[in-house]
Amino acid sequence: ILIQWHGGEPTLFGHKWLEKAILTLQEEGPEFIWKHGIQTNLMNYNENWNDLYHKYFESEVGISWDPVIRLINRNDPSSHEKFNQKFWKNVQKLVTNGLTPYLVTTATKTFFDTFKNPSAFFDLLVENGIQRAHLERVTETGYARENWQKIGLSNKEYSQKMQRFLRFYQLWKRNRNDGMPDLNLSPFDGLMESVERLEKNQTGGYGCWSGACDNTFHTIDSSGYKRGCTAITSEIDNKWAGNKILNLPDPEKARNFRTISCKGCPFRPICSSGCLALSMDDGSGECSGASKLFETAQFLYQNDSKNKEFA
C-alpha cells in the first residue's frame with residue numbers, strides 16, 4: 001500500500017507527528033507492506049526531515065515547485081523570489097545529503113509563459129540534480145478555480161502547449177552531450193511509451209490517461225475517507241470550495257459515461273479521456289484527453305522509427 005503524504009503542505013505537522021503516523025500504520029496493519037511518498041515545497045527541510053526521508057521514504061522526496069505563483073506570503077506577489085531562493089538552496093542540500101528529488105510542477109498558463117524556451121526548463125532540472133519530474137495538468141478546482149483566468153488552460157491550449165514542449169523535449173534528449181545526466185519527464189516519456197504500445201496493437205494508457213485512478217486511488221483527509229484521487233475529492237464537504245463543487249461519488253461510472261463519446265477515436269486503446277476533474281468538451285475544439293497531443297506523439301514515434309530503420 002502506497003501512502004502519499006500530500007496537502008497543502010504535509011510537513012507543517014512536524015517530523016515527529018509524521019513518524020508517529022507512519023509507525024501507527026505499521027503497527028495497525030502488519031500484514032501489509034507499507035510504502036510512503038511525500039509532496040513537499042521544501043520550506044521546512046532540515047536534518048530531521050532528511051533523516052526521516054532516508055528512513056521511511058526510500059531516500060526519494062517529491063518536491064513541488066511552480067514559477068511566479070509559489071509564494072512565501074500569499075498577500076505579497078513578490079515573495080515568490082524568496083520562495084525560489086530557499087527552494088533551490090534546499091534542493092541542493094537534499095541532493096548533497098544523498099536524497100533523490102522528484103519534482104512536480106503544474107502545467108499552468110504561467111508556467112508556459114515563463115518557459116517560452118522549453119529547453120531552459122530541462123536545463124534547470126538537470127543543473128540542479130533533478131532527473132525525474134512531472135508536469136501535472138491544472139484542473140479548475142480549489143485555488144486554481146479562483147485564479148483560472150490567470151493560470152488556467154482550455155483543453156486546446158493545454159494540448160498545443162504540451163505538443164510544443166514534447167517536440168522540444170525529444171529534440172533536447174537527442175542532442176544532449178554524452179555524459180549529461182538523464183532526464184525522465186512525465187508525462188512525455190509515458191506518452192511515447194503509450195503510442196509505442198498502440199503501434200504494436202497493445203492497450204494501456206499512462207498516468208491520468210489510464211483511468212487507473214478511478215479504482216486504485218483513495219483520499220483520506222480531515223473529513224475522513226473519499227473514493228478517488230485528490231483532483232476529484234478535494235472539494236467534497238469543503239466549506240471553502242465555494243458554490244461550484246466537483247462531486248463524483250462513483251468515478252468508474254462517470255468514466256464509462258463520458259468515454260461513450262470516445263467511440264471511433266484511434267487513441268481509445270491508450271486513453272480513457274484524461275482526468276475526471278476536466279470537462280470532456282470545453283468548447284475549445286479539443287477533448288480532455290488531448291487527442292492532438294497523442295497525434296504529435298505518434299508522429300514523433302513513427303518518424304524516429306523510420307530514422308532508425310534508415311540508419
Side-chain angles (χ1 to χ4, degrees), residues 1-15 17-41 52-53 55-58 60-64 102-104 106-107 132 134-145 186-187 190 204-242 244-259 270-280 288-289:
I1 298 176
L2 172 62
I3 304 294
Q4 186 71 24
W5 299 94
H6 211 278
E9 175 51 45
T11 65
L12 289 177
F13 285 114
H15 70 279
W17 181 93
L18 185 55
E19 182 169 30
K20 183 179 179 181
I22 290 172
L23 292 174
T24 299
L25 288 171
Q26 294 176 352
E27 292 168 2
E28 294 294 326
E31 68 273 27
F32 300 109
I33 296 174
W34 298 94
K35 292 184 178 294
H36 299 275
I38 197 166
Q39 198 65 42
T40 172
N41 60 21
L52 194 76
Y53 296 145
K55 188 174 183 179
Y56 299 108
F57 292 81
E58 298 181 352
E60 181 173 287
V61 185
I63 56 178
S64 301
Y102 175 71
L103 184 138
V104 176
T106 316
R132 293 180 61 232
H134 173 63
L135 283 182
E136 186 172 88
R137 186 167 182 182
V138 62
T139 58
E140 195 176 354
T141 55
Y143 168 82
R145 176 178 290 142
S186 169
Y206 171 79
C208 292
W209 284 277
S210 69
C213 48
D214 298 344
N215 53 30
T216 59
F217 282 41
H218 308 270
T219 300
I220 300 174
D221 58 19
S222 59
S223 301
Y225 168 81
K226 301 176 183 67
R227 181 183 176 187
C229 73
T230 54
I232 62 173
T233 61
S234 62
E235 296 186 322
I236 301 173
D237 60 36
N238 182 351
K239 64 180 180 180
W240 305 109
K244 188 178 179 182
I245 297 176
L246 179 68
N247 190 351
L248 298 172
D250 190 339
E252 289 180 279
K253 184 177 181 180
R255 176 82 60 191
N256 290 335
F257 178 77
R258 70 191 249 143
T259 52
I270 57 172
C271 176
S272 294
S273 79
C275 179
L276 289 175
L278 299 165
S279 173
M280 179 71 176
S288 57

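Along the sequence shown, residues carry numbers from 1. Atom set for the values below is all heavy atoms of this structure, side chains included, hydrogens, waters and symmetry mates excluded.
In this structure, OG on Ser64 lies 7.5 Å from CG on Leu103, to the nearest 0.5 angstrom. One distance of note links NZ of Lys20 with CZ of Phe13; it measures 13.0 Å at 0.5 Å rounding. Going from atom CG of Leu52 over to atom CD1 of Ile38 covers 7.5 Å, rounded to the nearest 0.5 Å. For the atom pair CG of Leu135 and OG1 of Thr106, the computed distance is 9.0 Å after rounding to the nearest 0.5 Å.
Of all non-hydrogen atoms in Leu278 and Val138, the two that sit nearest each other are CD2-O, 3.9 Å. Across His134 and Pro187, no two heavy atoms sit closer than the pair ND1-N, 4.0 Å. In terms of heavy atoms, Pro10 sits closest to Gly8 at CD-O, 3.6 Å. Among all heavy-atom pairs drawn from Tyr102 and Ser186, the shortest one is OH-CB, 4.3 Å. For Glu252 against Asn215, the heavy-atom pair with the smallest separation is OE2-ND2, 3.3 Å. Contact between Ser272 and Thr259 at its shortest, heavy atoms only, is O-CG2, 3.7 Å.
Under a 3.5 Å cut-off, the side chain of Glu9 and the backbone N or O of Asn41 do form a donor-acceptor pair. A side-chain donor-acceptor contact under 3.5 Å links Ser288 to the backbone of Ser273. Looking at Trp209, its side chain does come within 3.5 Å of a backbone N or O of Gly289 through a donor-acceptor pair.
Other residues, nucleotides and ligands place more than 12 heavy atoms under 6.0 Å from the CD1 atom of Ile1. Within 6.0 Å of the CG atom in Leu2, the count of heavy atoms belonging to other residues, nucleotides or ligands exceeds 12.
When the side-chain contact (heavy atoms from CB on, under 4.5 Å) test is applied to His36, the partners found at least two apart in sequence or on another chain are Ile3, Trp5, Ile22, Leu25, Trp34, Phe57.
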Worked verdict on Glu19 versus Tyr56 for side chain to side chain donor-acceptor pair (under 3.5 Å): CA-CA 8 Å; Glu19 182 169 30; Tyr56 299 108; 2.7 Å; yes

Intermediate values then yes/no, side chain to side chain contact (heavy atoms under 4.5 Å, CB included), His6 and Thr219: CA-CA 10 Å; His6 211 278; Thr219 300; over 6 Å; no

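Counting heavy atoms from C-beta on, the side chains of Asp250 and Arg227 come closer than 4.5 Å. Side-chain contact between Arg255 and Cys213 is present, with at least one heavy-atom pair separated by less than 4.5 Å.
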